[in-house]
Amino acid sequence: MEGFRLWPGALDAEAQSQLVQAVFGALGTAPLYRPQTPGGRPFSVQMSNLGPLGWVSDRGGYRYQPTHPVTGQAWPAIPQMLLDLWAATVGGKRAPDACLVNLYRDGAKMGLHQDRDEADLTAPVLSISLGDAAQFRIADGEGRTRTLRLTSGDVCALTGSARLARHGIDRVLEGSSRLIPGGGRLNLTLRIAR
DNA sequence: CAGTACCA
DNA sequence: TGCA
């Protein structure tokens with residue numbers, strides 16, 4: 001599918017553990033929390049953010065905001081490693097200003113959705129998979145979907161015609177990796193929100 | 001100004 | 001984000 005780009009194993013074991021360490025360190029000041037959909041139902045994933053802007057959802061809808069909805073504090077910085085990874089993969093003039101952190105544990109999943117809360121819907125979205133492998137599903141323009149397995153260290157991007165593709169995580173293969181303290185799958189999504 | 005990454 |  002045009003515009004969906006995958007870099008299998010882009011991150012080696014050392015880079016993966018450095019990244020997990022950096023993100024878990026940042027979660028000390030921006031703790032994971034469980035948001036609600038606008039309809040008031042809880043997400044199964046736990047979320048936090050890094051960077052000037054973070055994606056949040058609550059009864060007020062979806063949006064990007066500069067502060068953590070529970071603590072009121074600014075989100076921690078995006079680690080340089082991730083900015084470098086963005087430059088090395090999707091590149092472009094602008095650096096990402098938002099990094100959504102999603103932790104999948106205990107059967108957490110993510111229904112099919114579009115990323116469309118960004119000001120410029122032509123700027124790429126870059127996703128980094130860490131920890132347990134997962135079944136990722138992405139739809140084409142006709143609504144046909146294809147499933148692929150994302151494993152720890154894989155990096156993928158939604159660009160061009162796939163930028164607005166519906167996608168989601170059907171299931172996580174629990175226990176398939178020992179990378180994440182406490183287990184699970186950690187997904188980092190870099191975006192240009194504004 | 002309708003719906004939302006939730007749920008079936 | 002209040003649903004008028």
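Note on naming: letters A, B, ... go to the chains in the order of the sequence lines (proteins, then strands), and numbering restarts at 1 for each one. Heavy atoms only: backbone and side chains are in, while hydrogens, waters and symmetry mates are out.
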| task | First locate atom CD of Q65(A), then atom CH2 of W75(A), and finally report the distance between them rounded to the nearest 0.5 Å. | result |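 Atom-to-atom, Q65(A):CD and W75(A):CH2 are 6.5 Å apart.
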
| field | CG-CD1 distance between D84(A) and I78(A), expressed to the nearest 0.5 angstrom | value | 12.0 Å

Just the rounded figure in Å: distance from [atom2] of [N] to [atom1] of [X].
X	N	atom1	atom2	value
Q36(A)	dC7(B)	CD	C1'	14 Å
R59(A)	dC3(C)	CZ	P	11 Å
Y64(A)	dA5(B)	OH	P	14 Å
M47(A)	dC6(B)	CE	P	8 Å
F43(A)	dC7(B)	CZ	C1'	12 Å
L164(A)	dA5(B)	CG	P	13 Å
D58(A)	dG2(C)	CG	P	9 Å

| Hey, mind stepping through S152(A) and D154(A) against side chain to side chain donor-acceptor pair (under 3.5 Å) and telling me if it holds? | CA-CA 6 Å; S152(A) 194; D154(A) 288 353; over 6 Å; no

| said: Side-chain heavy atoms nearer than 4.5 Å, only ILVMFWY residues, links allowed to pass through others: does that put L100(A) and I192(A) together? | reply: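 Shared cluster, no.
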
| Same hydrophobic cluster for V23(A) and L130(A), using side-chain heavy-atom links shorter than 4.5 Å among ILVMFWY? | yes

| Say you pick atom P in dC6(B) and the same atom in dA2(B); how far apart are they, in whole Å? | 23 Å

| Can you tell me how far P in dG3(B) sits from the matching atom in dA4(C), rounded to whole Å? | 12 Å

| D117(A): which of Y62(A), Y64(A), W55(A) passes side-chain hydrogen bond (donor to acceptor under 3.5 Å, both in side chains) | W55(A)

| query | What are the residues of residues 102-125 of chain A, sorted by number, that bring a heavy atom to within less than 4.0 Å of DNA chain C? | reply |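 Hits under 4.0 Å, by residue number: none.
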
| said: Both distances below 3.5 Å, Watson-Crick or wobble geometry, any strand: find the nucleotide opposite dC1(B). | reply: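 Checking every strand shown, dC1(B) finds its partner in dG2(C), with both distances under 3.5 Å.
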
